Amino acid sequence: MTFASPGLSWQEMIAQSLCKARDLAAHLNVNEHLVSRVMDQYPARINAYALGLIADGSRAVFRQLVPDAAELEETSLADADPLCEQKQSPVPGIVHRYPDRVLFLVSGQCAVYCRHCMRKREVGGRDPVSPETIEAGIDYIARTPGVKEVILSGGDPLMLEDDRLFSILARIRGICHVECLRIHTRMPGMLPRRITPDFARGLARFHPLFVNIQFNHPDELTPAARSACALMADAGIPLGSQTVLLAGVNDSPAVMTELMRKLLTARVRPYYLHHPDPIRGTAHFRVPAKTGLAVIEALRGRIGGMGIPHYMIDLPGGGGKVPLLPEHVIQRSEKELIVYNFEKKIYTYPL
Ligand SMILES: *Cc1c(COP(=O)(O)O)cnc(C)c1O
Ligand code: SF4
């Protein structure tokens, strides 16, 4: 197998992905029978570019993409939809949790299927999101004046062809109460060829438009991924990162510091560090919240504020996201705060 042959389009690379247990076993050192059992529950896809990252020795990408028997271990806590996205869905494809913004799920497909995905039961279906569902979503946004921001998500919205995605963006842009558009994607890190100069220029027609990208490990910031980010940044699109804290991938201050530094140099502003949600089939990625707090605290001492994301937990029952912060106040009284700084030195702050 040749990895990421230069002549192929992104669509051809998707078409040539490994997505059968037999092919995965042939290219990776995994047991076909076990992989096949996992894939009865959850889909897998590893495109040629992502396979190249694994072939270059990235254990972190391997762990995120290669089916693992641990996915079949259910825990009593784990739920298929703990965040109640289905209950907060007024029409199919729309999740309306916060008054001012909606998630609009426009694609059920992705360039890779992540083992830690919070929608791992829904993604990877055979059928594309139907034109009727998209129409119903646009109609909901149009008749809901409180919606100021629309976040295209999925799946990966960038699995849609340029024309299709641009026509959806144009329709939403035409709704006068919608102020900002946002796209959530993993493409720049998992199939950077998707971001062509034409595509980046096309997106720039819809400003203010923000693109948030999932990056979980420094191995994902290859020269190709950096170029993909640069094309969008040069088109004036503010880029943010959303990183999922994952056991065995990035649950250490050293890895996270390197990741955040690399993101900044790629002109991607760290936005959120997500605590892993209790999703069925992801128990092997879960970490205690103190791990995330330790990461944030370590970042505070090592990197400027531009490189520090908010550490977010997503409350069960659809309560929304809440930031967790390391506690720097040791003691408080009417008159003063006792706090410690990034060097663990103690100071008194008069109130
Ligand atoms: C995460 C999320 C959003 C976006 O939240 P931000 O804090 O603005 O990034 C919107 N709707 C739903 C349902 C979400 O889960
Ligand atoms: S790219 Fe996003 S939606 Fe798709 S499988 Fe990965 S985490 Fe899930």
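Position 1 is the first residue of the sequence; numbering continues from there. We count ligands from 1, going down the list as the structure has it; atoms in each ligand are counted the same way. The shown structure was predicted, so the numbers you read here are calculated from the model rather than taken from an experiment.
- Residue-level contacts of ligand 1 at the 4.0 Å heavy-atom threshold are Val95, Arg97, Tyr98, Arg101, Leu103, Ile151, Arg182, Tyr271, Tyr272, Lys321.
- The pair Arg267-Asp234 meets the salt-bridge criterion, since a charged nitrogen lies less than 4.0 angstrom from a carboxylate oxygen.
- Partners of Arg171 by salt bridge (charged side-chain N to carboxylate O under 4.0 Å, His left out), not counting sequence neighbours, listed by chain and number: Glu135.
- For atom 8 (Fe) of ligand 2, protein N, O or S atoms closer than 2.8 Å were enumerated as Cys117 SG, with waters left out.
- Side-chain contact between Gln214 and Val244: present, with at least one pair of heavy atoms (C-beta onward) separated by less than 4.5 Å.
- In summary, Arg37 and Asp40 do not engage in a salt bridge, as defined by a charged side-chain N under 4.0 Å from a carboxylate O.
- For the pair Arg193 and Tyr49, the cation does not sit on the ring face, since its NZ or CZ is not both under 6.0 Å from the ring centre and inside 45° of the axis.
- Arg115 forms no cation-pi arrangement with Phe285, by the criterion of a distance under 6.0 Å to the ring centre and an angle within 45° of the ring axis.
- We find the CD-OG1 distance between Gln242 and Thr185 to be 11.0 Å, quoted to the nearest 0.5 Å.
- Legend: residues meeting salt bridge (charged side-chain N to carboxylate O under 4.0 Å, His left out) with Lys335, ordered by chain and number and at least two apart, are absent.
- A ring-centre distance under 6.0 Å is not found for Tyr311 and His274.
- The 12-atom threshold is not exceeded at NE2 of His310, counting heavy atoms of other residues, nucleotides or ligands nearer than 6.0 Å.
- Considering only non-hydrogen protein atoms, atom 2 (Fe) of ligand 2 sits nearest to Gln214 NE2, 3.8 Å.
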